[in-house]
Amino acid sequence: MSIVVNIYYTGINGNARKFAEEMTATGVVERIRAEEGNIRYEYFFPKDDEETVLLIDAWDSQEAIDKHHASPMMQDIIRLREKYDLHMKVERYTSIDMPDSDNAYVRK
């Protein structure tokens, strides 16, 4: 089982994209991806909303998320969120294995 967190960062004047770019350029993204328990950390840009960035963040346990939240790099993330005046909507999911009956609809 994994925990998937979708975070929608929204701002104005392209600030959400600038945030994602700075997170990548400063190495914060790579440091998060290297953390124990991180499965996925990727930004996506909705086609119909240029002021929002979607982060898909997946972890193998709540303990890994808690450790990430307690890490010093969280202060870097918070500082950048404030710098770009971003607002957040968060969705959280736990994964389950896809049933065999759904595999007929998946093109690989």
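Keep in mind that this is a model prediction, so the values were computed, not measured.
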Visitor: Hey, could you give me the CG/CG distance between D57 and N6, rounded to the nearest 0.5 Å?
Guide: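 So the CG of D57 and the CG of N6 are separated by 9.0 Å.
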Visitor: Name the orientation class of the two ring planes belonging to Y9 and F19 (parallel below 30°, tilted from 30 to 60°, perpendicular beyond 60°).
Guide: tilted
Visitor: Can you name the nearest heavy-atom pair linking S101 to Y105, along with the distance?
Guide: O-CE1, 3.7 Å
Visitor: Do side-chain atoms of S95 reach the backbone of S2 as a donor and acceptor pair under 3.5 angstrom?
Guide: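 Answer holds: yes.
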Visitor: Where do N15 and L86 come nearest, in terms of heavy atoms and distance?
Guide: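 The answer is C-CD2, 4.0 Å.
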Visitor: If Ile, Leu, Val, Met, Phe, Trp and Tyr residues are connected whenever their side-chain heavy atoms lie under 4.5 Å apart, and connections chain through other members, are V90 and Y93 in the same group?
Guide: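 Each belongs to a different hydrophobic cluster.
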Visitor: Can you name the nearest heavy-atom pair linking I39 to D60, along with the distance?
Guide: CD1-N, 3.6 Å
Visitor: Would you call Y8 and V53 a side-chain contact if the rule is heavy atoms closer than 4.5 Å?
Guide: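 Y8 vs V53: side chains apart.
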Visitor: In terms of side-chain geometry, is the basic nitrogen of K83 or E22 positioned less than 4.0 Å from the acidic oxygen of its partner?
Guide: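 Salt bridge: yes.
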Visitor: With a 6.0 Å cut-off (strictly less than), is the heavy-atom count around CD of E36, excluding the residue itself, greater than 12?
Guide: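 Not buried by this count: 12 neighbours or fewer within 6.0 Å.
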Visitor: Using the rule that Ile, Leu, Val, Met, Phe, Trp and Tyr join whenever any side-chain heavy atoms are under 4.5 Å apart, tell me whether V28 and Y43 fall into a single cluster.
Guide: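 Yes; Y43 is reachable from V28 via cluster members.
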Visitor: Report the distance from atom CG of L80 to atom OG1 of T26, rounding to the nearest 0.5 Å.
Guide: 6.0 Å
Visitor: With a 4.5 Å heavy-atom cut-off, do V106 and K108 have their side chains touching?
Guide: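 Result yes, sub-4.5 Å side-chain heavy-atom pair found.
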Visitor: Is the number of heavy atoms from other residues, nucleotides or ligands within 6.0 Å of CG (D102) greater than 12?
Guide: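 Yes, CG of D102 has more than 12 neighbouring heavy atoms, counting only those of other groups under 6.0 Å.
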Visitor: Answer yes when E30 and R33 have at least one side-chain N-carboxylate O distance shorter than 4.0 Å, and no when they do not.
Guide: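 Looking at E30 and R33, the cut-off is met.
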Visitor: If you count heavy atoms of other groups shown closer than 6.0 angstrom to CD of E42, is the number above 12?
Guide: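 Above 12, so yes.
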Visitor: Considering non-hydrogen atoms only, spot the tightest contact between E51 and G14 and give its length.
Guide: OE1-N, 2.9 Å
Visitor: Please indicate whether I78 has more than 12 foreign heavy atoms, meaning atoms of other residues, nucleotides or ligands, lying under 6.0 Å from its CD1.
Guide: yes
Visitor: May I ask you to test the I65-R92 pair for a side-chain heavy-atom distance under 4.5 Å?
Guide: yes
Visitor: Roughly how far apart are I7 CD1 and M88 CE, rounded to 0.5 Å?
Guide: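 Those atoms lie 4.5 Å apart.
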Visitor: Between NE2 of H68 and CG of N38, what distance do you get to the nearest 0.5 Å?
Guide: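 The distance works out to 8.0 Å.
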Visitor: Nearest 0.5 angstrom please: M23 CE to Y84 OH, how far?
Guide: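 It comes to 11.0 Å.
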Visitor: Establish whether M73 and L55 are linked, either directly or via other cluster members, by ILVMFWY side-chain heavy-atom contacts under 4.5 Å.
Guide: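 Same cluster: M73 reaches L55 through Ile, Leu, Val, Met, Phe, Trp or Tyr contacts under 4.5 Å.
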Visitor: We want to know whether E35 and Y41 form a side-chain donor-acceptor pair, criterion being a heavy-atom distance below 3.5 angstrom.
Guide: no
Visitor: Hey, could you give me the CG/NZ distance between L54 and K89, rounded to the nearest 0.5 Å?
Guide: 9.5 Å
Visitor: So for atom CG, which belongs to D100, do other residues, nucleotides or ligands contribute more than 12 heavy atoms lying within a distance under 6.0 Å?
Guide: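 Not more than 12 within 6.0 Å, no.
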Visitor: Can you hop from M74 to I3 via hydrophobic side chains spaced under 4.5 Å?
Guide: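 Yes, M74 connects to I3 through the hydrophobic network.
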Visitor: Are V29 and I56 connected in the hydrophobic side-chain network, where two residues link if heavy atoms are under 4.5 Å apart?
Guide: no
Visitor: Restricting to non-hydrogen atoms, name the atom on A64 and the atom on G37 that form the minimum distance, rounded to 0.1 Å.
Guide: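 For A64 and G37, the tightest heavy-atom pair comes out as CB-CA, 3.9 Å.
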